[in-house]
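Taking it in order: structure first as structure tokens, then the write-up.
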There are 2 protein chains.
Amino acid sequence: MASRAKATILDIAREAGVSKSTVSLVLQGSGLIRPETAVKVRKAIEDVGYVYNRGAANLRKAHSNVIGMVINDLTNPFFAELAVGMERVFQAAGIVPFIANTAENPVRQEEVLKSMMEQGVAGLIVSPARGTTPGAFRRIEAAGVPVVFAMRRLPESRIPAIAPDNHRGAYLATEHLIAKGHRRLAFFGGSSDLVVYQERLGGFLEACEALGIPVADRTIVEGETSRKGGMACLETALATSEPPTAALCFNDAVAFGVMLALRRRNLEAGSDFAVVGFDDVAEAEHYSPALTSVAVDTAGLGERAAHVMLKMIQSRTTRAEDHIGAVSLVVRESCGQNRSSQLGDAA
Amino acid sequence: MASRAKATILDIAREAGVSKSTVSLVLQGSGLIRPETAVKVRKAIEDVGYVYNRGAANLRKAHSNVIGMVINDLTNPFFAELAVGMERVFQAAGIVPFIANTAENPVRQEEVLKSMMEQGVAGLIVSPARGTTPGAFRRIEAAGVPVVFAMRRLPESRIPAIAPDNHRGAYLATEHLIAKGHRRLAFFGGSSDLVVYQERLGGFLEACEALGIPVADRTIVEGETSRKGGMACLETALATSEPPTAALCFNDAVAFGVMLALRRRNLEAGSDFAVVGFDDVAEAEHYSPALTSVAVDTAGLGERAAHVMLKMIQSRTTRAEDHIGAVSLVVRESCGQNRSSQLGDAA
DNA sequence: CCCTATAAATGGAACGTTCCAATAAATCAA
DNA sequence: TTGATTTATTGGAACGTTCCATTTATAGGG
């Protein structure tokens, strides 16, 4: 049932009565061939069910047309949105992104990166897995393949990163909670081995500092960056002697978890406890109550990352500027009305 | 900054003072080479920062080690779970799955499939986009590349499909609703151009038939298979003169939408209106109220699909049996207590 | 009518691997 | 010692493309 030996450019040449070089030219859409010849060749291609062998082509050509996208957690819809943004710009450039999942596992990540390199990708967009070793990208850089980090970065790396302004986002959100009249604040979820965590927590702390929330009234609970993690964080925080009345969550998944835990306790997110998320995933808007969250323009960051990559490939460089994306606080229902009457809202 | 010409097997040979053939043998882990030689070669490989060129290798070798996974909607966490299951088995077989998203767009799907073929994938696991034309896989089959459909199938295709027992799942769920005492039932979401839809709706209708729900008391509302779609379905259904009191939803996303719409109307899912989902995504358990749903063992189906693919590759065939995965109803809170007192639950 | 310029098509070498057949070195039986 | 056997290693052809340098055909200018 399987067809005989795969058809090659030579088979087409024979079929169309031209030389292999001519076929190659047609394949590349060269203007040198006579239109009628091109038509003839294209028909032959169709007839024999030819499939182009990009591996063979890349043997001679400089660059391939595939870039690899290595994601630490595909089950987070956030990354799917990021991928969508990238695909838009790559598609226009005739480039196909291949996605691979590392499931937050550095070993798996190593394998995946190796495989993509062997496949001859023109570039790599990576959201590094937690615990990625500093040297993990040394060989790739040495090979001259451009790498861009998306959303996450490595502490001491020279690799350009595209990420939202985490610090500012956290500051804005915290400011909002304080403006709502809250005085005992929590930061929920995430763990300190992530640069992103440092940035977001940093923004939270700076806002507390600037707006007069004493250290004693700040509750910081690390935890998994998932619904489950969020639920755990809330339980931990409410068990303290002076529990917080509001929380900035590491991301939306944590925030959803917090809201679930509240409901289980018959508390209402918004009126009884204020919750702010981070990332503003599509779901935030449709939750009940709708989640106030820091919007990071995920798809936009994806586009940006793709553009940077394209530029790097073109200019054959392995260096580029970092890019910090603008953020904005999207106020919805999860922080309720103002606690004291002192302030209007700060949208 | 970018390194000089990429190192090849010949550079390593020179460095290690052996022939290229020896290097090749080492690369393939052949037992023919003397251990000390192997060590010497591996050191050279490390020293020059060599990266294996799989494209060149595939020129001579029969099969590549990558399989393509083409997904219609990466933003649905369901597919991420499917991917996770596959990755487990592929990883053990030394195969790397590359994922591409078609965003439910047949044109994009065509491009993606073409690109994967050109890349020389050993096989393709596909969840076809809505509106895929019957002939879309003709060329791929002709090229002898094995294809497996996951979750979705095409109406008249000979391509093996791995899917849950949609009919039975829908039947079970409907039976459950009826056992709970509901008599006016709805089927929400999906559209009739999907085979899956036919199957699920079929199970629903058969249960209605068998358990004595007259046609007049069945409400069928097609809609987008998303939260938004679910919200719309509920609104439509409640606007009828004799609105249903319970709904089986095409999938969990639709069910979540329905529950949201209920809350907006100050109705309680469970007590005021019963909701059953389909797929049992991770989120179903954590929702409030927790969603009763038909569990399809997503990761298990992924594993199965991967196994079938592996078998097909090994036996160089393009044919295999369909596989229908077992389903089970997971009863949680979204259908509330029994409506009438006549029956216990049917877990 | 010849020479040159342009357009279209072509053959051959090269790309980095694998694999076969062949060689070289080491071991063994007699 | 010699031939046969086993163990390690090797050169060369092949894989399917691209690209350069040619060749061939077509047209234009004087």
Side-chain angles (χ1 to χ4, degrees), chain A residues 3-42 44-45 48-66 115 117-122 143-144, chain B residues 3-42 44-45 48-66 114-115 117-121 143-144:
Chain A
S3 76
R4 36 244 92 273
K6 288 191 197 313
T8 81
I9 215 182
L10 282 136
D11 298 311
I12 299 172
R14 198 177 318 116
E15 181 86 4
V18 298
S19 81
K20 61 175 172 39
S21 303
T22 305
V23 177
S24 176
L25 259 1
V26 172
L27 249 17
Q28 307 177 60
S30 161
L32 285 179
I33 36 82
R34 202 155 37 123
E36 334 161 28
T37 313
V39 169
K40 198 170 52 178
V41 170
R42 266 190 269 273
I45 289 179
V48 304
Y50 167 76
V51 350
Y52 183 73
N53 184 335
R54 209 167 280 275
N58 286 342
L59 224 40
R60 296 262 6 199
K61 287 212 292 212
H63 276 305
S64 77
N65 77 141
V66 354
S115 198
M117 287 297 288
E118 292 181 357
Q119 222 55 232
V121 294
Chain B
S3 78
R4 34 247 93 271
K6 287 190 197 315
T8 80
I9 216 181
L10 282 137
D11 298 311
I12 300 172
R14 198 176 319 115
E15 181 86 5
V18 298
S19 80
K20 61 174 173 40
S21 303
T22 305
V23 177
S24 175
L25 258 2
V26 172
L27 249 17
Q28 308 177 61
S30 161
L32 285 179
I33 39 80
R34 201 158 35 123
E36 332 161 30
T37 312
V39 169
K40 199 170 50 178
V41 170
R42 264 189 271 273
I45 289 180
V48 303
Y50 166 76
V51 352
Y52 184 73
N53 185 334
R54 210 168 279 275
N58 286 342
L59 223 40
R60 297 257 15 199
K61 289 212 290 212
H63 274 305
S64 77
N65 77 142
V66 355
K114 178 151 170 273
S115 196
M117 287 297 289
E118 292 181 357
Q119 220 57 230
V121 294

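Note that these values count all heavy atoms, side chains included, but never hydrogens, waters or copies made by symmetry. Within every chain, numbering begins at 1; the chains are lettered A, B, ... in the order of the sequence lines, protein sequences first and strands thereafter.
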Open item on the list: Run B:I9 and B:L27 through side chain to side chain contact (heavy atoms under 4.5 Å, CB included) and show every step you take.
Closed with: CA-CA 9 Å; B:I9 216 181; B:L27 249 17; 4.2 Å; yes

Open item on the list: As a quick check of understanding, evaluate side chain to side chain contact (heavy atoms under 4.5 Å, CB included) for B:I12 and B:V48, giving each step before the final call.
Closed with: CA-CA 7 Å; B:I12 300 172; B:V48 303; 4.1 Å; yes

TODO: Check the pair B:L25, B:V41 against side chain to side chain contact (heavy atoms under 4.5 Å, CB included), reporting the backbone distance first and the verdict last.
DONE: CA-CA 10 Å; B:L25 258 2; B:V41 170; over 6 Å; no

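The CG atom of B:L32 sits 13 Å away from the P atom of D:dT10 (whole-angstrom rounding). The interatomic distance linking B:L10 (CG) with D:dG12 (C1') rounds to 12 Å, in whole Å.
With rounding to the nearest 0.5 Å, the separation of CD1 in A:I45 from NZ in A:K40 is 13.0 Å. A distance of 11.5 Å separates OG1 of A:T37 from CG of A:L32, quoted to the nearest 0.5 Å.
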Taking only distance into account, with no hydrogens and no angle test, what donor-acceptor pairs under 3.5 Å do side-chain atoms of residues 15-23 of chain A form with protein atoms, sequence neighbours excluded?
from	atom 1	to	atom 2	distance (Å)
A:S19	OG	A:S21	N	3.3
A:S19	OG	A:T22	N	3.3
A:S19	OG	A:T22	OG1	3.2

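Note on B:T22: a side-chain N or O is less than 4.0 Å away from OP1 or OP2 of D:dT10. Remark: B:S19 is in phosphate contact with D:dT10, judged by side-chain N or O atoms under 4.0 Å from OP1 or OP2.
Residue-to-nucleotide proximity on DNA chain D shows that, of A:G55 and B:R34, the 5′-proximal contact is made by B:R34. The residue among A:R60 and B:A56 whose nearest nucleotide of DNA chain D is located toward the 5' end is B:A56.
Counting non-hydrogen atoms under 4.0 angstrom, B:S21 reaches a base of the nucleic acid. Here A:L25 lies in heavy-atom contact (under 4.0 Å) with a base. At a threshold of 4.0 angstrom between heavy atoms, the contacts of A:S24 include nucleobase atoms, whether or not backbone atoms are also involved.
Taking a cutoff of 4.0 Å between a charged side-chain nitrogen and a carboxylate oxygen, B:K114 and B:E118 qualify as a salt bridge.
A donor-acceptor contact shorter than 3.5 Å is absent between the side chain of B:N58 and the backbone of B:G55.
For the helix from C:dC1-D:dG30 to C:dA30-D:dT1, the rotation axes defined at the first and last 5 base pairs enclose an angle of 50°, given to the nearest 10°.
Here chain A contacts DNA chain C (any atom closer than 4.0 Å to a heavy atom, that is under 4.0 Å), and the contacts span C:dA8 to C:dG16 from 5' to 3'.
No hydrogens or angles considered: nothing links the side chains of B:Q119 and B:S115 as a donor-acceptor pair under 3.5 Å.
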